[in-house]
Amino acid sequence: MDTQTLDAETLFDRLFPEGHAITRDGLFFSGTGTSAGRSVAVIGSVDAAPIGVELAFRMAGEVLAVVRDHPGRPILLLVDTQGQRLSHRDELLGINGYMAHLAKCLALARNTGHPILGLVWSQAVSGGFLASSLFADRCFALKEAEVRVMNLPAMSRITKIPLERLEDLSKTSPVFAPGVENYWRMGAIEALWSGNLARELAAAFSTHETADRRRARGAERGGRRLALDVAERVRHGAP
Amino acid sequence: MERLTFTYAGGRPATRNAKATLAGVVGSGNLEVLVEPVAQDGAVTIEVTTAAVGFGRIWQAVMDDFFARHGLGDLRISINDVGATPAVVSLRLDQAIETYLGGGQ
Amino acid sequence: MTSYYEASARERVAGLLDAGSFIEILPPQERVMSPHLLQLDTPAAFDDGIVVGEGRLGGRPILVAAQEGGFMGGAVGEVHGAKLTGLLERALDTRPAGVILLVESGGVRLHEANAGLIAVSEIMRAVLALRGAGVPVILLDGGQFGCFGGMGIVARLCDAVIMSEEGRLGLSGPEVIETTCGVEEFDSRDRALVWRTVGGKHRYLLGEAAEIVADDMAAFRAAAIAALEHARPDLSLAALEAEHAGLGARITRFGACRDALDIWRDLGFEAPDRLPLLEADAFRALAAGRRA
């Protein structure tokens, strides 16, 4: 299935065949879906939303409402984003603080017993990804979705490394090139989903894991060999 | 990038208890110099990794001059360079050696 | 006065901590470097651009990390990020009086963009885990490259941000916005515009920076000691609801402002255009009672 053809409604139907009540408001949506008989809070965005101060604020408010009104309810983040909104106004208002606030609210939910999963179903880029799905307990992705920091032509312009060189190296190295497969190899994407999404979602929510295991996964999968070792050496090493 | 190595024999051993020392930063037109003590019969080994390819003879001249001025031995010197001028290279080498001999970090 | 802005990461650590107290973990001679840069034929640094270790500040044990802006703009790569995450996790075990982050970073290092992005996420998790365990994290921002990208988010996860006017804090740097959206959106060469949008004074007036100091090592040190003294990490629902109300009020009150000068005027400054001219002390005095 092509990314373009999977609209949000289809996604909701496939994730929650038992039923869902999700309300759209512009690029933002929220509501609940039923997964394996259990209510799941759903928060997300559509149309590759640029995440500006209002959207980050709105998502944070929704997380706080779930924590306040529905203790322990699992949360599923379905954020489709091209990254943070690039504008003078967002910087003027301190967009980094709004992103951080969203992350803090998710941490509060995690600490108060809400399982949190992220699913990259269309695209996830940089700052918008950092403060949302990438901050879940575990993040999954559809096989046809895209995760990136920057496309290779732009990367080539800025780093002044020839594009052919980047393209060549990206065939073997997952370290810089866009792609959900690369993020899986590096441990940030727990698993790639296709087929029966409802079954995948229920299975994912059947385990609750709050420790950050991404470095270990990255090492196991051979995509990120240094992070685990270096962090452990700093954590436990004699100064 | 290019890797160059230089070795000089017959230096007088530098301070025995000196700790490894770093000077400079790996930035455009700059370099970092790491000086470490190593027992190798008064020899100095210098390893250079540089972004600027084809300047081996100039590096040779700068290093010859450095060794002639200090005559120190039992050192391992490691350099990461991003196109620093010979003057900057000499300056960083001197800074690194001064700090090293001062025994400081 | 010793300039914090001009100093290297190592000079900052030496100048900020109690004299002679710093002990580095994974120092340069360990050569824990980025293999990804070398693979792309790009010079790497022996410490991958970050200094981490233990020391004392005002007599109290702390952990410290300092990013070197001179190396790739302090950008976060795999090794760089793992050193910072490891340090924050070390604090979970050793329970120091706090962790001090001397940040100078443009965000994620493009040469290893995926590894850098994930590393920033791990740093974010580690900062909040540490604060949740009651250990404060204090961030200093006064270097030449400011604090942007993922590190700009990290900054606002900390207990306190201490800035000089020269420090800059944001998410997307002015150059990135100009390149993507055009010079009419954000003129990155208009230094006055840049500084009053992302500089220390505006961040202080908005309440994003807890303290503003002169560009002086001793001033940063004194402010860090005070922040350590007063920090009480609080990530409770009540605390986050209060923060939420504050951020909502900011959008309502200032959302239509086109320029920092409009915000400052709204805050009650009669001559907002004069604020950039004031020294830190005079500015702080004038700002008393007027911050958002």
Side-chain angles (χ1 to χ4, degrees), chain A residues 53-54 57 60-61 64 67-68 84 86-88 90-101 103-105 107-108 111 126-127 129-131 134-135 149-150 155 158-159 161 165 169 173-176 182-183 186-188 212 214-215 218 224 226-227 230-237 239, chain C residues 23-26 32 36 39-40 52-54 78-79 82-83 85-87 89-90 93 108 110-115 117-122 124-125 128 132 150 152-153 155-157 169-172 176-177 180-181 185-186 197-198 206 208 235 237 240-241 243-244 247-248 250-251 254 260:
Chain A
V53 294
E54 287 86 0
F57 178 75
L64 288 176
V67 170
R68 198 170 43 233
Q84 68 265 24
L86 294 167
S87 82
H88 170 266
D90 282 285
E91 295 300 325
L92 184 65
L93 292 172
I95 182 175
N96 56 311
Y98 288 81
M99 295 291 195
H101 176 63
K104 280 183 256 189
C105 293
L108 169 72
N111 294 339
S126 288
F129 187 33
L130 269 181
L134 194 57
F135 208 69
V149 171
M150 190 179 275
M155 199 175 280
I158 295 172
T159 62
I161 294 167
R165 174 110 201 213
L169 194 56
S173 168
V175 164
F176 58 88
N182 287 341
Y183 279 79
M186 304 196 78
D212 190 346
R214 291 174 291 185
R215 269 165 283 161
R224 203 156 53 112
L226 288 171
V230 171
E232 289 298 301
R233 284 174 72 188
V234 173
R235 179 170 187 168
H236 301 295
Chain C
I23 304 172
E24 187 168 357
I25 303 169
L26 295 191
V32 184
H36 313 304
Q39 197 164 28
L40 287 168
V52 301
E54 297 186 339
E78 179 173 1
V79 169
K83 284 174 80 173
T85 302
L87 186 83
E89 292 178 345
R90 183 182 183 91
D93 305 334
V108 168
L110 287 180
H111 305 74
E112 37 192 308
N114 300 339
L117 190 74
I118 300 165
V120 170
S121 181
E122 288 169 341
M124 290 168 62
R125 292 274 298 258
L128 292 183
I153 299 177
R156 296 293 290 118
L157 297 177
L169 177 62
L171 186 54
S172 308
V176 176
I177 296 175
T180 314
C181 309
E185 177 63 33
F186 204 154
T197 306
V198 293
L206 280 185
E208 296 224 307
L235 295 167
L237 175 60
L240 291 180
E241 285 188 322
E243 178 172 273
H244 195 71
L247 290 171
R250 190 190 293 174
I251 296 177
F254 303 129

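Labels below follow one simple rule: chain letters A, B, ... track the order of the sequence lines, proteins then strands, and each chain is numbered from 1.
- Of the residues considered (C:Gly152, C:Gly150, C:Cys181), C:Gly152 shows the highest number of contacts with chain A, using heavy-atom pairs under 4.5 Å.
- Using cut-offs of 30° and 60° for the angle between ring planes, the C:His244 and A:Phe57 rings count as parallel.
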### Query
So A:Phe135 and C:Met124, side chain to side chain contact (heavy atoms under 4.5 Å, CB included) or not? Walk me through it.
CA-CA 8 Å; A:Phe135 208 69; C:Met124 290 168 62; 3.6 Å; yes
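- Between the side chain of C:Glu185 and the main chain of A:Ser87, no donor-acceptor pair closer than 3.5 Å is present.
- Residues C:Thr197 and A:Leu92 form a side-chain contact, since some pair of their non-hydrogen atoms from C-beta on lies under 4.5 Å apart.
- In this structure, C:Thr85 and A:Asp212 have side chains that are not in contact, with every pair of non-hydrogen atoms separated by 4.5 Å or more.
- No other option in C:Leu171, C:Leu237, C:Val52 has as many heavy-atom pairs under 4.5 Å with chain A as C:Leu171.
- When C:Ala119, C:Ala155, C:Gly248 are compared by the number of non-hydrogen pairs under 4.5 Å with chain A, C:Gly248 comes out ahead.
- Annotation: side chain of C:His111 is in contact with side chain of A:Ile161 (closest heavy-atom distance under 4.5 Å).
- For C:Arg156, the salt bridge (Lys or Arg N to Asp or Glu O under 4.0 Å) test picks out C:Glu208, with sequence neighbours left out.
- C:Leu235 touches chain A through backbone and side chain together, each having a heavy atom under 4.5 Å away.
- Looking at C:Thr180, only its side chain comes within 4.5 Å of chain A, counting heavy atoms on both sides.
- Of the possible polar contacts, one joining the C:Asn114 side chain to the A:Pro174 backbone as a donor-acceptor pair under 3.5 Å is found.
- Shown here for C:Ala82 and A:Ala227, the closest heavy-atom pair between the two residues is CB-O, 3.4 Å.
- The backbone N or O of A:Ala231 lies less than 3.5 Å from no partner atom in the side chain of C:Glu89, so there is not a single donor-acceptor pair.
- Each of A:Arg165, A:Gln84, A:Arg215, A:Met155 has some count of heavy-atom pairs under 4.5 Å with chain C, and the biggest count is that of A:Arg215.
- Using a 4.5 Å cut-off between heavy atoms, C:Glu122 contacts chain A through both its backbone and its side chain.
- Note: A:Leu226 CG to C:Lys83 NZ = 12.0 Å, rounded to the nearest 0.5 Å.
- Most heavy-atom pairs under 4.5 Å with chain C, from the set A:Ile158, A:Ile95, A:Asn111, A:Leu108: that is A:Leu108.
- Remark: C:Glu241 engages A:Arg68 in a salt bridge (Lys or Arg N to Asp or Glu O under 4.0 Å) (not counting sequence neighbours).
- With contacts defined as side-chain heavy-atom distances shorter than 4.5 Å, the pair A:Leu130/C:Ile153 qualifies.
- Chain C forms the most heavy-atom pairs under 4.5 Å with one residue out of A:Met150, A:Arg224, A:Glu232, and that residue is A:Arg224.
- Interface remark: A:Met99 contributes backbone and side-chain atoms alike to the contact with chain C (heavy atom separation under 4.5 Å).
- Here the side chains of A:Tyr183 and C:Ile118 are in contact, with some heavy-atom distance below 4.5 Å.
- Comparing A:Val67, A:Asp90, A:Leu93 by heavy-atom pairs within less than 4.5 Å of chain C, the highest count is held by A:Leu93.
- Separating the CD atom in C:Glu112 from the OG atom in A:Ser173 is a distance of 9.5 Å, to the nearest 0.5 Å.
- The closest donor-acceptor contact from the side chain of C:Arg90 to the backbone of A:Val234 lies under 3.5 Å.
- The structure places CG of C:Leu40 at 5.5 Å from CG of A:Leu169, a figure rounded to the nearest 0.5 Å.
- Shown here for C:Leu110 and A:Phe176, the closest heavy-atom pair between the two residues is O-CB, 3.8 Å.
- A:His88 is not listed as a side-chain neighbour of C:Ile177, based on a closest heavy-atom distance of 4.5 Å or more.
- No donor-acceptor pair under 3.5 Å is formed between the side chain of A:Arg233 and the backbone N or O of C:Gly86.
- Separating the NE2 atom in A:His101 from the CG atom in C:Leu157 is a distance of 11.5 Å, to the nearest 0.5 Å.
- Contact tally against chain C (heavy-atom pairs below 4.5 Å) for A:Arg214, A:Met186, A:His236: the top residue is A:Arg214.
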